[in-house]
Protein chains: 2
Amino acid sequence: MTLTIGQVARQCGVGVETIRFYEREGLITQPSRPEFGFRKYPPDAVRWVRFIQRAKALGFSLREIKDLLSLRVDSATTCDAVKGRAEAKIADIEKKIVHLQEMKRALVKLTVACRGKRPTSECPILEALGDED
Amino acid sequence: MTLTIGQVARQCGVGVETIRFYEREGLITQPSRPEFGFRKYPPDAVRWVRFIQRAKALGFSLREIKDLLSLRVDSATTCDAVKGRAEAKIADIEKKIVHLQEMKRALVKLTVACRGKRPTSECPILEALGDED
DNA sequence: CTTGACACCGTAGTGCGGTACGGGGTGCAT
DNA sequence: ATGCACCCCGTACCGCACTACGGTGTCAAG
């Protein structure tokens, strides 16, 4: 069974125009289309679009998401390059996780301070800032 | 010792205009300023701006970052509300961490598949997509 | 007391990531 | 064969987060 663009869009909670936009930008592959008729999407298209939405919410740009997605496309040919890029992305992600954990720790500390009814004038949010780059 | 806007900007790797912009948007508090002279920043200003940069890279909008920062400002007055908002943010952050871990797992799997010289035609990146939301 | 680097302000322009619109075409249902 | 919902395309527009610009003011060093 194939899906129309509208069905994919509804299942992803985005607009039809967004999917056409992603197609123009090369984030999702052109769906099969019988000579200027409607686009026909495989059910997996929904997962691709959801991946894009999720990655965006995690601070990746569409350019980066495109890179991420392209890792699978040409993997057979230039395996070493793919591996390198994947490892770089893993490092990025690990850094993001560390920073999020720092922010979380700071916020937890804030709620604890709150419970204790102290006015938290010495701001705990500032402690979410390790000084290494 | 106080800093000029240019010194803060250089230490944060942003432009002077960016800091003025953050000030206009209420993300950083107005620095003390002797009656229409230059802005005088405390050294902590550098940390605030770096916090904003970092939070942006983690997928928070300036609106959200403003909320995050405001948690410290009026904490003495509406402690319960602050606690609630902080807890909501913690939940957001935990969700982000989970999604990042899923992406990382998928990428690690990709590099492993790569090592094994298999063409990874069954895309492991797609597995970064849990279907709950 | 001049000079040059930097700061001040407001407004306009940029790039990203969509979002809306208008004028059509398609396709199935009645 | 006539609706009607949905799709096609291109182009214009939008909000966010800056970034650049241009004309003026400040100030510390020489």
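Below, chain A is the first sequence line, B the second, and so on; all start at residue 1. Just the heavy atoms: all of them, side chains too, but no hydrogens, waters or symmetry mates, feed the values below.
The nucleotide whose nearest atom lies closest to any side-chain atom of A:Ser61 is, among C:dG17, D:dC18, C:dA7, C:dG17. Side-chain proximity of A:Leu62 to the nucleotides D:dA20, C:dG18, D:dC7 is greatest for C:dG18. Proximity note for A:Phe38 (side chain, C-beta onward) versus D:dT19, C:dT26, C:dG18: the nearest is C:dT26. Among D:dC9, C:dA7, D:dA17, the nucleotide with an atom closest to any side-chain atom of A:Arg20 is D:dC9. Between D:dT19, C:dG18, C:dC8, one nucleotide has an atom nearer to the side chain of B:Glu17 than all others, and that is D:dT19. Relative to the side chain of B:Val16, the nucleotides D:dC18, C:dA7, C:dG17 differ in distance, and C:dA7 lies closest. Comparing D:dC7, D:dT19, C:dG17 by their closest approach to the side chain of A:Phe21 singles out C:dG17.
Across all strands shown, B:Gly6 has heavy atoms under 4.0 Å from sugar-phosphate atoms exclusively, and none from any base.
Listed by chain and residue number, nothing satisfies the side-chain hydrogen bond (donor to acceptor under 3.5 Å, both in side chains) test with B:Glu17 (two or more places apart in sequence, or in another chain). For the side-chain hydrogen bond (donor to acceptor under 3.5 Å, both in side chains) test, residues two or more places apart in sequence or in another chain that qualify with A:Gln53 are A:Tyr22.
Nearest-nucleotide assignment on DNA chain D puts the 5′-proximal partner with A:Glu23, out of A:Glu23 and B:Gln53.
To the nearest 0.5 Å, atoms CG (B:Asp92) and CG (B:Leu58) are separated by 12.0 Å.
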